[in-house]
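If you're wondering where the values come from, they're calculated on a predicted model, not measured in any experiment. Chain naming here is simple, since letters A, B, ... match the order of the sequence lines and numbering starts at 1 in each.
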Number of protein chains: 2
Amino acid sequence: MNGLSAILAPSRFGGDDPAPLYLRLEGAIRDAVAAGTLAPGDALPAERELAAELGISRVTVRKALAGLVAAGLLVQRRGSGTYVAQPPRKVEQPLTRLTSFTEDLRTRGYVPDVRVLSATVAPPTPEEAAVLDLGPDERVSRIARLRLADGVPMAIEAASVPAVHLPDPAAVGLSLYAVLEARGIRVVRATQRLAACNLAAAEAALLEVPVGAAALRIERVARLADGRAAEFTRSFFRGDAYDFVAELDIGA
Amino acid sequence: MNGLSAILAPSRFGGDDPAPLYLRLEGAIRDAVAAGTLAPGDALPAERELAAELGISRVTVRKALAGLVAAGLLVQRRGSGTYVAQPPRKVEQPLTRLTSFTEDLRTRGYVPDVRVLSATVAPPTPEEAAVLDLGPDERVSRIARLRLADGVPMAIEAASVPAVHLPDPAAVGLSLYAVLEARGIRVVRATQRLAACNLAAAEAALLEVPVGAAALRIERVARLADGRAAEFTRSFFRGDAYDFVAELDIGA
DNA sequence: GAGTGGTCTAGACCACCAT
DNA sequence: TGGTGGTCTAGACCACTCA
């Protein structure tokens, strides 16, 4: 017997609230987490136990839990149980400077790390050809990396660079710009597009968040002093772990 | 009889794919939309019909559809049916200038509109008191608005301003800054924090997107020339409808 | 009134994790 | 081995939409 169900029960249950059962259960658990009755790391009663004690079906309990897992409030581990999630530390990043991810994290006291997911050379996709201004007979080097802070996945970065600038993408470790710089390629400015999206299964798995979790999708085109595009990068930053900060001036 | 089920069936069904049924159905529908077999606005077969023709249960069909609704690929209308979503036009906004939402939209060819959700004067919350540097005996004016472009909800804006600057929040229509300016209050710069989040039920309903849809949460603190904070605004921008663009210079 | 999605149930089997 | 979450079923009732 676990007393938690008893704690959850009175708050929104039993009344003649017309809201769906699963939403009432969701709200009750949200309240318990907000009130501290359920602390990060705490295990919830098993689904079957919750269902039995609340007198509702397990499917309904699962629907409530699914909503909270999608919201990042709970974590479910198969074979183990359901737990209150640890709220991650937020990382801040300035939006108006072209900074090194690695240095950025280090100066903020995190231990940066990177995992190279893939490194290939291939003909450009139509999108790459258009953005990087490449002919169909030229080639692009692609490097996909997973960025971590203190061991926690923070972002996926997939960069495309004309192969003439980066013949060996596998040589890239922490910093793409360091490798480019060593070859005399200096990026001086970039245009960044930023939007929110729900993560698909593949990206969610890499970032260790539930499918559908919110992320920032950032597309960056970096250019040389002469205006030629030298890099196209698409990144996915975990929405629950990253804050971007911008200083704005008054517009015209 | 609707031929769509027959079209969906062969692509990933029937094989001994070990993936869960609902994920296979999700993939099949994704493929059909990507291939154009299902075009935006098209109605899908009814849930019961899909279940019957595919020989699976309606609960499983619903789980697959729920994933695609959360991803923004489908729209469900109670009593009517399930439809392929219309991909919305994306609005671009520069991130490095403090611009007027209304003017911004107008110059881009949209018809801007606003709905005032609430306008109140009240004692500050602890958060407002800290950010706006208010004493507990001072008061804040709050104005919550829904921004629309061509009639489509784009963003929710909840602004808090010291009441001495804005005695009558109900007087604010399209532009908060215009009202402030008329009283001689000139905002000259702002700090903006930007993160991705999954929308809760209340915000999702206002923006007419499914619960859990990705949004940009932007918190802005605007300041006067003397550095005093004059405005604190928290906004939620639809992730599927808004792109923020920033020009970056090379960092130190 | 017929059809649709929204909710809910009771029960089943599986894969996985812990002990 | 026993408990956990993950998947799936067949059937039910409701509220809503649309003709």
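- Comparing B:Thr82 and A:Ser57 along DNA chain C, the residue whose closest nucleotide (by nearest heavy atom) sits nearer the 5' end is B:Thr82.
- Residues A:Leu44 and A:Ile29 meet the side-chain proximity criterion, which asks for heavy atoms closer than 4.5 Å.
- Residues satisfying the side-chain hydrogen bond (donor to acceptor under 3.5 Å, both in side chains) criterion with A:Glu208, sequence neighbours excluded, are absent altogether.
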List the atom pairs, donor and acceptor, that lie under 3.5 Å between side-chain atoms in residues 58-66 of chain A and the rest of the protein, sequence neighbours left out.
unit_1  : atom_1 : unit_2  : atom_2 : d
A:Arg58 : NE     : A:Glu47 : OE1    : 2.9
A:Arg58 : NH2    : A:Glu47 : OE1    : 3.0
A:Arg62 : NH1    : A:Glu47 : OE1    : 3.3
A:Arg62 : NH1    : A:Glu47 : OE2    : 2.9

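- Shortest non-hydrogen contact noted between B:Leu207 and B:Phe236 is CD1-O, 4.0 Å.
- One N or O on the side chain of B:Arg238 and one on the backbone of B:Pro153 form a donor-acceptor pair closer than 3.5 Å.
- Bracketed by its first and final contacts, the part of DNA chain D lying under 4.0 Å from non-hydrogen atoms of chain B reaches from D:dT7 to D:dT17 in 5' to 3' order.
- Of the residues in residues 58-70 of chain A, those placing a heavy atom less than 4.0 Å from an atom of DNA chain C are A:Arg58, A:Val59, A:Thr60, A:Lys63, in numerical order.
- Between the side chain of B:Arg142 and the main chain of B:Val161, no donor-acceptor pair closer than 3.5 Å is present.
- Donor-acceptor pairing under 3.5 Å is lacking for the side chains of B:Thr125 and B:Glu127.
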Seminar exercise, completed: Per-nt protein contacts along nucleotides 14-19 of chain C (heavy atom under 4.0 Å; B base, S backbone sugar-phosphate only, - none) come out as -SBB--
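- Residues A:Arg193 and B:Phe244 have side chains not in contact (no heavy-atom distance under 4.5 Å, counting atoms from C-beta outward).
- The two residues A:Pro169 and A:Ala119 have their closest heavy-atom pair at C-CB, 4.0 Å.
- Judged as a salt bridge (charged side-chain N to carboxylate O under 4.0 Å, His left out), and not counting sequence neighbours, A:Glu203 has no contacts.
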